[in-house]
Amino acid sequence: VYNVNLVLKGFCQSGDCDKAMGLFCQMKRNCVLPDSISYNTIVNGLCKAKRSVEARDLFEAMKAGDCKPNLVTFSALIDGLCKNGEVEEGLDLLEEMEKKGLEANVFVYSALISAFCNKGEIERGKQLFDEMLGKNVTPNVVTYSCLMHALCKTGKWQEASQMLNDMTTSRVHPDVVAYTVLADGLCKNGRASDAVKVLDLMVQKGEEPNTLTYNAVINGLCKEGRVDDALKILEMMAKKGKKPDVVTYNTLLKGLSGVGKIEEAMELWELLLSKEFHIKPDVFTLNFLIQGLCKERRLGDAVRIYSTMVQRGFQVNIVTYNILIDGYLNAGKITKALELWKYAVDLGFSPNSVTCTILIDGLCRMQMLRMAKGLFNKKRASGVRPTVIEYNALMASLCRESSLEQARNLFQEMRNVNHDPD
RNA sequence: UCAAGAUUCCAU
């Protein structure tokens, strides 16, 4: 069973759940009875493959059979449901396990806290945190990291910094992930200098920053236009033997183009393209580059690079098209923009809400309000609720054209469909 | 041998 379980895990991790399921069924036939670890591995694998319905079915089958769900089963399934957006169902499972006399552990609570924090409901995350304290479940470094992440995302970086101290006094030692969460969180709040201090602090405490940590700080510095400081971090990495990865280079490329050093960004791009270099550019690299070019009004160069790459079989995504469509619209080339949009759709790329906003906003600014309205109505008619941003874009244009009455109607409509105007 | 946390892309 031990060895078969390892194989099950292997299949699941390589994304081949079906193979794992097949093997699992064979086990039953061949008198290698699956144990709870086999079941849990499959439940977890299904969850990770976003097949939470099947995971739940298997879970029900366990309840009916001899191998009852245990703590690991519950935590895997709760996490899976949460990541699938079914957080309330996750809470129901928490209740169910408690009724069965299974005490939730730190895995279960951390999964739920992480879910609420990601939804932006920190208060409920904190509630669960208090609940676990009340039940004498000791929070660990993962629990604290989730909370720090959430605090930073909502601007409460002071509280997050405080939490790093709190965990230390609770004898929970921050690890490299915890420090990275904080450093990144500080950066996202425009406090790159403080993030650099976190780097120093962790080294002092004997935790080595890894590539992700450095990338977060490099990003923070670049966002503040401090590309030279970011390059110093790159040197620091080299000294310590930490390898930059494609994210590192992407971040720097974007940083360079952000401070107008588009030529240097191009050089970096060429470096990544060269055969001898060990890191290959990805779609982020391309997108950053063409966006930088568009910003510099070098739309032609952007399109040329995009075309060359596509010809070479490079995989682009909808964001690539969004950037180029936006570029065309900003250059007043409406026909080209619409052509490209159609082309992307024909290739099978699904326009996302950003695509729509770009088009609506762009058309509005081109005095083509009527076309924008058409797009908006088409979307509404097909049953898709326009986003707040799209309402805003259209309302802004209507106001600009002094069609106040129509703008007011839209505003009213937003409230009717339960959109909170921002 | 099974479960929870971190870094880079587009628009208002």
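Reckoned from all heavy atoms, side chains included, excluding hydrogens, waters and symmetry mates. Because the structure is predicted, anything quoted here is derived from the model rather than measured. Residue numbers begin at 1 in each chain, while the letters A, B, ... track the order of the sequences.
- In this structure, Lys295(A) reaches neither bases nor backbone, as no heavy-atom distance under 4.0 Å exists between it and the strands shown.
- A side-chain donor-acceptor contact under 3.5 Å links Glu131(A) and Tyr109(A).
- With distances taken from any side-chain atom of Phe107(A) to the nucleotides C10(B), A4(B), A11(B), the minimum falls on A4(B).
- Within 4.0 Å of Val217(A), counting heavy atoms only, lies no atom of the nucleic acid at all.
- Looking at Asn140(A), its side chain has no donor and acceptor atom pair within 3.5 Å of the base of G5(B).
- With distances taken from any side-chain atom of Gln291(A) to the nucleotides C10(B), C2(B), A6(B), the minimum falls on C10(B).
- By the salt bridge (Lys or Arg N to Asp or Glu O under 4.0 Å) test, Lys240(A) pairs with Glu208(A), sequence neighbours left out.
- Closest contact between the side chain of Asn44(A) and the listed nucleotides C9(B), A3(B), U1(B) involves A3(B).
- Val319(A) comes within 4.0 angstrom of a base, heavy atoms only.
- Of all nucleotides listed (C10(B), A3(B), U8(B)), U8(B) comes nearest to the side chain of Phe284(A).
- Residue-level contact check: Thr251(A) touches the backbone only, with heavy atoms under 4.0 Å from sugar-phosphate atoms and none from bases.
- Phosphate proximity of U7(B) to Lys223(A): absent, as no side-chain N or O sits under 4.0 Å from OP1 or OP2.
- Note on ring orientation: taking the six-membered ring where Trp is involved, the planes of Phe349(A) and Tyr321(A) are tilted (angle from 30° to 60°).
- Lys188(A) has a carboxylate O that lies under 4.0 Å from a charged side-chain N of Asp184(A), or vice versa, which qualifies the two as a salt bridge.
- U7(B) atom C1' lies 18 Å from atom OH of Tyr179(A), rounded to whole Å.
- Under 4.0 angstrom from either OP1 or OP2 of A4(B) there lies at least one side-chain N or O belonging to Lys48(A).
- One finds no side-chain N or O of Lys83(A) lying less than 4.0 angstrom from the OP1 or OP2 phosphate oxygen of A3(B).
- Here the side chain of Phe288(A) is nearest to one of A6(B), C9(B), A3(B), namely C9(B).
- Comparing A6(B), A11(B), U8(B) against the side chain of Ile358(A) picks out A11(B) as the nearest.
- Closest to the side chain of Asn322(A), from the set C10(B), U12(B), U7(B), is C10(B).
- Among the atoms of the strands shown, base atoms are found under 4.0 Å from some heavy atom of Asn210(A).
- For the salt bridge (Lys or Arg N to Asp or Glu O under 4.0 Å) test, residues two or more places apart in sequence or in another chain that qualify with Asp18(A) are Arg51(A).
- OP1 or OP2 of C2(B) lies within a sub-4.0 Å distance of a side-chain N or O belonging to Lys9(A).
- Inspection of the Asn352(A) and Thr355(A) side chains reveals an N or O donor paired with an N or O acceptor under 3.5 Å.
- Set against U7(B), C10(B), C2(B), the side chain of Asn40(A) has C2(B) as its closest nucleotide.
- Asp245(A) comes within 4.0 angstrom of no nucleic acid atom, judged by non-hydrogen atoms across all strands.
- Residue contacts for Asp175(A): at a heavy-atom cut-off of 4.0 Å it reaches a base atom on one of the strands shown.
- For Ser114(A), taking side-chain heavy atoms from C-beta onward, the closest of the listed nucleotides A4(B), C9(B), A6(B) is A4(B).
- The side chain of Ser75(A) lies closest to A3(B), out of A6(B), A3(B), U12(B).
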